[in-house]
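Provided herewith is a single structure, encoded as structure tokens, for subsequent inquiry.
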Amino acid sequence: MTLPLLLCTLIALTSGLHFGHRFAQAHRAGRSLLPAVTAHGAIATALIVLTVLLDPTAAGLLWLAVSATSLISLALGALWPTPAARPAALGDHDLPQAA
């Protein structure tokens, strides 16, 4: 029963990192942040509900681990450094001509 809970945590981690990166890209470009947050929120909500249903412990607090992983990974994905944009490649018309 712990394998599905581990998978829920790993999915929350990868989803948070991915959509956190999308969030940062949208923020830098001045676009709407709502698609990245909404997509991750939908995935995280489904994972938390699944964790609540599958939790075999008496305390029933494994959903807390999934939700914390989800939020922390979203923040880490947004703060993860991205490589700077490369300059456009020179075309044949931009190269100096041989004399």
Write down the atom of T45, the atom of G41, and the distance for their closest heavy-atom approach. OG1-O, 2.7 Å

Under 3.5 Å, side chain of D55 to main-chain N/O of L61, donor-acceptor pair present?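 A pair under 3.5 Å: yes.
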
Pairs under 3.5 angstrom only: tabulate donor-acceptor contacts from the side chains of residues 10-20 to other protein residues two or more places apart or in another chain.
{"from": "T14", "atom 1": "OG1", "to": "L10", "atom 2": "O", "distance (Å)": "3.2"}
{"from": "T14", "atom 1": "OG1", "to": "I11", "atom 2": "O", "distance (Å)": "3.1"}
{"from": "S15", "atom 1": "OG", "to": "H40", "atom 2": "ND1", "distance (Å)": "2.9"}

How many angstroms lie between atom CG of L5 and atom OG1 of T57, to the nearest 0.5 angstrom? 8.5 Å

First locate atom CD1 of I48, then atom CG of L62, and finally report the distance between them rounded to the nearest 0.5 Å.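 Rounded to the nearest 0.5 Å, the CD1-CG separation comes out at 12.5 Å.
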
For T9, enumerate each residue passing the side chain to side chain contact (heavy atoms under 4.5 Å, CB included) test, keeping only those at least two apart in sequence or located in another chain.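 By the side chain to side chain contact (heavy atoms under 4.5 Å, CB included) rule, T9 matches V66, T69.
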
Taking all heavy atoms of F23 and all of A78, pick out the closest pair and write down the distance.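 Taking F23 first and A78 second, the nearest heavy atoms are CD2-CB, 4.1 Å.
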
First locate atom OG of S70, then atom CD1 of I43, and finally report the distance between them rounded to the nearest 0.5 Å.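 So the gap between those two atoms works out to 9.0 Å.
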
Minimum heavy-atom separation for C8 and L47, please, with both atom names. O-CD1, 3.6 Å

